[in-house]
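All ligand and atom numbering here is 1-based and tracks the order in the structure.
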Amino acid sequence: MSLDPRTVSFTAGERNVFLHILTGCNLSCRHCYINPAQHGTAMLSREQLAAWIRLFADERRRTNIIFLGGEPTLHPDLPSGIEIARSCGYTTTVDTNGYLFHDFLERVDPHHLDYLSFSLDGPDPAVNDPIRGEGVFAVCTANLRRAVARGFNTSVIYTVSSSTIDHLHRMVPLLVELGVKRFFIQVIGLRGKSAVVDPTAEQQLQVAPEQWLAVVPAVARQAAAAGIDVVYPKVYLEEGEVFECAGRVAENFFVFPNGRVYQCPLCEDHPLHSYEIRGDELVGTGGVNEERLFTLDIPEGCVMNKLLQPDTIAYDDAGQPLHRISCCLLKQRISTAQRAGEHRPR
Ligand code: SF4
Ligand code: SF4
């Protein structure tokens, strides 16, 4: 097994459908990106859920579907959605906060779901619970153990911020002990709640490039050496690496229950979506939308990052950016197995 991270370019023909089936949640995490003003407060009906899963299915191309919320297990019809997705040929993942409502583990066949992914933002309650809520670590890890015991493939998503980065390395022994197969490391963004609660405080939650580069690749190697597949965002392009915008070269659909469909997750706090679902049909929005932004070439790399998070970019004396920011959908992967499923950046 190679422990060298591999940059996963946007694979030709790959498609990802990030289906938010509701926006409601039992938790109130500090960095939640759900924005009810933009994404609504609806839950898909059972009929909509079935129709929208079928709408994005394409038997000719491998497509990953990721069921999201809010908390997707709050939707009583999620198990039937998983069965429909399977019958459509999707690779299927559910991202949960760990509460697993509606007897999820009892109602879903572990062999019919490719990954059940749990969000944890710390290796213990002292780190995790101030971010995700009191008692959340205990519930999430107990249900993760139950899921592993029932035969589910599990993964964990960890959001790196200035308050969690120093604890990242302690996740490795925990994941081994829990029997987790895959580790997704994410980077905190300035969207949703992070963008509006207290901009000054949240700015401080972001990590500096030097800190990210010093910590994350090394921990990823440790986890891979322990037998866990690891995926983390590229974030900073190296000298000579080509910048690519997923909006131009890949197929990603970020679908919300109010019918908005985005291609870029950084655009989700704005009415810039490329498509809408109307009457269970996918319709282009036209006019000024995110697709216009994808065509702009700037030395800083990602246009939306430059617009939303200009403070993340440092410049030299000649005014040139010190680092180009990669597309937030570009991942590094250290893996022993075939990739299966994607996770959305938070
Ligand atoms: S981050 Fe996820 S689990 Fe936390 S409040 Fe938002 S939707 Fe709920
Ligand atoms: S994050 Fe940036 S590079 Fe990626 S799709 Fe959005 S605009 Fe394009």
Pull out every atom of ligand 1 sitting under 4.0 Å from any heavy atom of [X], numbered as shown with elements.
X: Cys25; result: 3 (S), 5 (S), 7 (S), 8 (Fe)
X: Asn97; result: 3 (S)
X: Leu27; result: 5 (S)

Between [Y] and [X], do the side chains contain a donor N or O and an acceptor N or O under 3.5 Å apart?
X: Asn153; Y: Asp114; value: no
X: Thr159; Y: Gln186; value: no
X: Ser28; Y: Arg132; value: no
X: Ser162; Y: Gln206; value: no
X: Thr285; Y: Glu276; value: no
X: Asp77; Y: His102; value: no
X: Asn252; Y: Asn16; value: yes
X: His169; Y: Gln222; value: no

Subject >> Proximity of Tyr262 to ligand 2 by residue part, where a heavy atom lies under 4.0 Å >> reply: neither
With atoms numbered from 1 as shown, which atoms in ligand 2 lie under 4.0 angstrom from a non-hydrogen atom of [X]?
X: Phe243; value: 3 (S)
X: Cys327; value: 1 (S), 3 (S), 4 (Fe), 5 (S)
X: Cys245; value: 3 (S), 5 (S), 8 (Fe)
X: Met304; value: 7 (S)
X: Cys264; value: 1 (S), 5 (S), 6 (Fe), 7 (S)
X: Gly247; value: 5 (S)
X: Cys328; value: 1 (S), 4 (Fe)

Original post:
Is it the side chain, the backbone, both or neither of Arg132 that has a heavy atom closer than 4.0 Å to ligand 1?
Top reply: side chain
Original post:
Is there an N/O/S atom in Cys29 that lies less than 2.8 Å from atom 4 (Fe) of ligand 1?
Top reply: yes
Original post:
Within 45° of the six-membered ring axis of Phe56 and under 6.0 Å from that ring's centre, is NZ or CZ of Arg15 located there?
Top reply: no
Original post:
Can you tell me if an N/O/S atom from Cys32 lies under 2.8 Å from atom 8 (Fe) of ligand 1?
Top reply: no
Subject >> Test item: Tyr236 and Trp212 side chains (from C-beta on) under 4.5 Å apart, heavy atoms >> reply: yes
Subject >> Any Gly70 heavy atom less than 4.0 Å to ligand 1 >> reply: yes
